[in-house]
Amino acid sequence: MSFLGIAILGLTLVMMGFIGVNAAHSVRQWQLNHDQAKSSAKSFGYQQELIRDMGGFSNFAVSFSIISILTGAVSYYGYGFSQGGPAIMGIGWPLVTFFVLFVAAAMAELTSAVPTSGAIYHWAAILGGPTWGWFTGWLNIIGQVTIVAGIDYGCATFASNLLMAHPNKMQFLLTYAVILTSHALLNHFGIDLVSKLNSLSAIYHVVGVLLIIGVLMVAGPEHHVSYLFSTFSTQTSSSMPYWGAFLIGLLQAQWTLTGYDASAHTSEETLNPRVQAPWGVFLSVAISGIFGFVLLALVTLSIKNPAAVAAAGNNAFIVAIQQAVGSRFSGVLLWLVTIAMWFCGCSSITSSSRMVYAFSRDNGLPFSRYLKRISTKFHTPAVAIWVIAVIAFLAGISDGIYAVIGTMSVIGLYSSYFVPIALKLRAQFRGAWTADDNGPWHLGKWSVPVSIVACLWVIFLIGLMILSPTDIQLTAHVMLHYATGKIMFVVIVVLMIDYVLSARRHFAGPKLGSYEKLSNRLIHHVAKRSTVEAIQLKSPVVNRPVVNHRK
């Protein structure tokens, strides 16, 4: 099995390089023939209300900070380890990273072709019409809000345990509220401040991971590296086979590698967005995948008492670090991780508030007239920011909610990723989407197979998350079993009822501006004629046969 783990890791690195090289080549070819892109929301018929001053690194930093391996990989460490043991780190993490690279690459192509703060919602509307756009927007918002809750819930868990010996429920909720409030305040004050914090966050995450790695290497691993690839253990019920527990444990890696659509959501605030934003989407996943594996590998190899770590639940990473370096020095490392989580939550509210703002300006949400308001002083979607913070707090009140928050955010985000990727794939098969519709960042002939793999992975992933055994303690005597699947079922039913009774009549979709012709062609499945065909049709030689140059 060690060979299998090493093979998956090597294949993942090869895929990173393959996609990166192909995309870089397409960007270079585009730059030779075009001036720097100046795509903005004005091409959709919207007034530019958000300030466009975010550079490429800052755009990347938003997604990198939301992915935050020092948040997802750490806060869900116990969940993964108790389900799949060391193999979930050695095999599970590279496996998830490999497939997520396909999803990120497919999304990066769409980001380059259609850069807007609505991102996924706008893509779905252009490719499939208002109905697809409406459902996609809602799914993305569900994912965005729950991922804010998950990030700050994890941050509050670490912070409360570091500040108080044994925090009670009220102390935890107070810590949680303070963290959410700090993020809402900072996002309210302006994109310039948050942009600087995002850039600082990216540097902080890299330095923090390297510091933890360095300390663990000095402390000395307890196990040989084969421990990661050949040790299969679980603390779950004996009625579940190991492979089932292993698959459920993939939530740790999959929840971590989410939210990279943030680079697309901040396109309207990014300079040269058709190039910078797609690189932000893809590189945030690739770099997080590499650093995350090294971090998790060293932490796992340093564990002295695996049973104690598996039994520690949400505090498993804390116990693992304490075993590795001792309780005194572990406090320093754990505060370093907690601060990284705080940065991550701040970036997450930035991304989610832009999605709510974009959807509300098209009247896609209840109370859109308020949610789309922009602060005249700070030029930020202030109402959306505070509403997200309040909903995220309410989502974290119930006991045992953490796993449900994680699975809900994965389902919401990845189902919203799936829709535009699948719609574009359909348009490519029917000849409605051609090379002329691509942005500078694209994969050429590899675009279709990459999108197919991305769609298949998301379908598998959503099924896995829905069937995962998540429980919520509703009262002292009432437990809701398989809560994620049941909650998502209720949410989808409510959305369908709302659409039939209201949205179908009142929601016209986003303004398309210069993309309207493209949308009409894609929705009605009209194959676009190639440039050569168009020239021939204009030729006075009417008897000349038309040659189809489209492959």
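Values in this document were obtained by computation on a predicted structure and should not be read as measured data.
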Name the atoms and distances for all side-chain donor-acceptor pairs under 3.5 Å in residues 311-323, with sequence neighbours left out.
from, atom 1, to, atom 2, distance (Å)
Gln323, OE1, Lys304, N, 2.9
Gln323, OE1, Asn305, N, 2.8
Gln323, NE2, Asn305, O, 3.3

| message | Just checking Trp255 against Tyr76, ring centres under 6.0 Å apart? | response | yes
| message | Is the distance between the ring centroids of Phe135 and Trp138 under 6.0 Å? | response | no
| request: With sequence neighbours excluded, tell me which residues meet salt bridge (Lys or Arg N to Asp or Glu O under 4.0 Å) with Lys169. | output: Asp399
| query | Who are the side chain to side chain contact (heavy atoms under 4.5 Å, CB included) partners of Ile487, not counting sequence neighbours? | reply | Val404, Met408, Ile472, Ala483, Val491
| said: Under a 3.5 Å threshold, yes or no: a donor from one side chain and an acceptor from the other, between Ser375 and His379? | reply: no
| said: Is a donor from one side chain sitting under 3.5 angstrom from an acceptor on the other, for Thr131 and Tyr499? | reply: yes
| Counterpart residues, side chain to side chain donor-acceptor pair (under 3.5 Å), relative to Asp152 (two or more places apart) | His183
| message | Check for me whether the distance between the ring centres of Phe378 and His188 falls short of 6.0 Å. | response | yes
| field | Sidechain-backbone polar pair: Ser263 side chain, Asn59 backbone, donor-acceptor under 3.5 Å | value | yes
| said: What I want to check is whether the side chains of Thr484 and Thr407 have a donor and an acceptor closer together than 3.5 Å. | reply: yes
| query | Any idea how Phe81 and Tyr77 line up, ring-wise: parallel (<30°), tilted (30 to 60°), or perpendicular (>60°)? | reply | parallel
| Note, Tyr79 side chain near Leu251 side chain (heavy atom, < 4.5 Å) | yes
| remark: For Lys196, the salt bridge (Lys or Arg N to Asp or Glu O under 4.0 Å) test, sequence neighbours excluded, returns Asp192
| Listed by chain and number, what are the ring-ring contact (aromatic ring centres under 6.0 Å, His included) partners of Phe418, not counting sequence neighbours? | none
| remark: For Val337 and Ile212 the tightest heavy-atom approach is CG2-CD1, 3.8 Å
| query | Between Leu365 and Ile141, is any pair of side-chain heavy atoms under 4.5 Å apart? | reply | yes
| Trp342 atom CH2: more than 12 heavy-atom contacts under 6.0 Å | yes
| said: Check this for me: Met164, atom CE, are more than 12 non-hydrogen atoms of other residues, nucleotides or ligands nearer than 6.0 Å? | reply: yes
| query | What distance separates Met341 CE from Ser75 OG, expressed to the nearest 0.5 Å? | reply | 4.5 Å
| field | Ser468 side chain to Met465 backbone, donor-acceptor under 3.5 Å | value | yes
| task | Identify the two heavy atoms, one from Ala73 and one from Thr256, that lie closest to each other, and give their separation to 0.1 Å. | result | N-OG1, 2.9 Å
| query | Do the ring planes of Phe64 and Phe60 sit parallel (below 30°), tilted (30 to 60°) or perpendicular (above 60°)? | reply | parallel
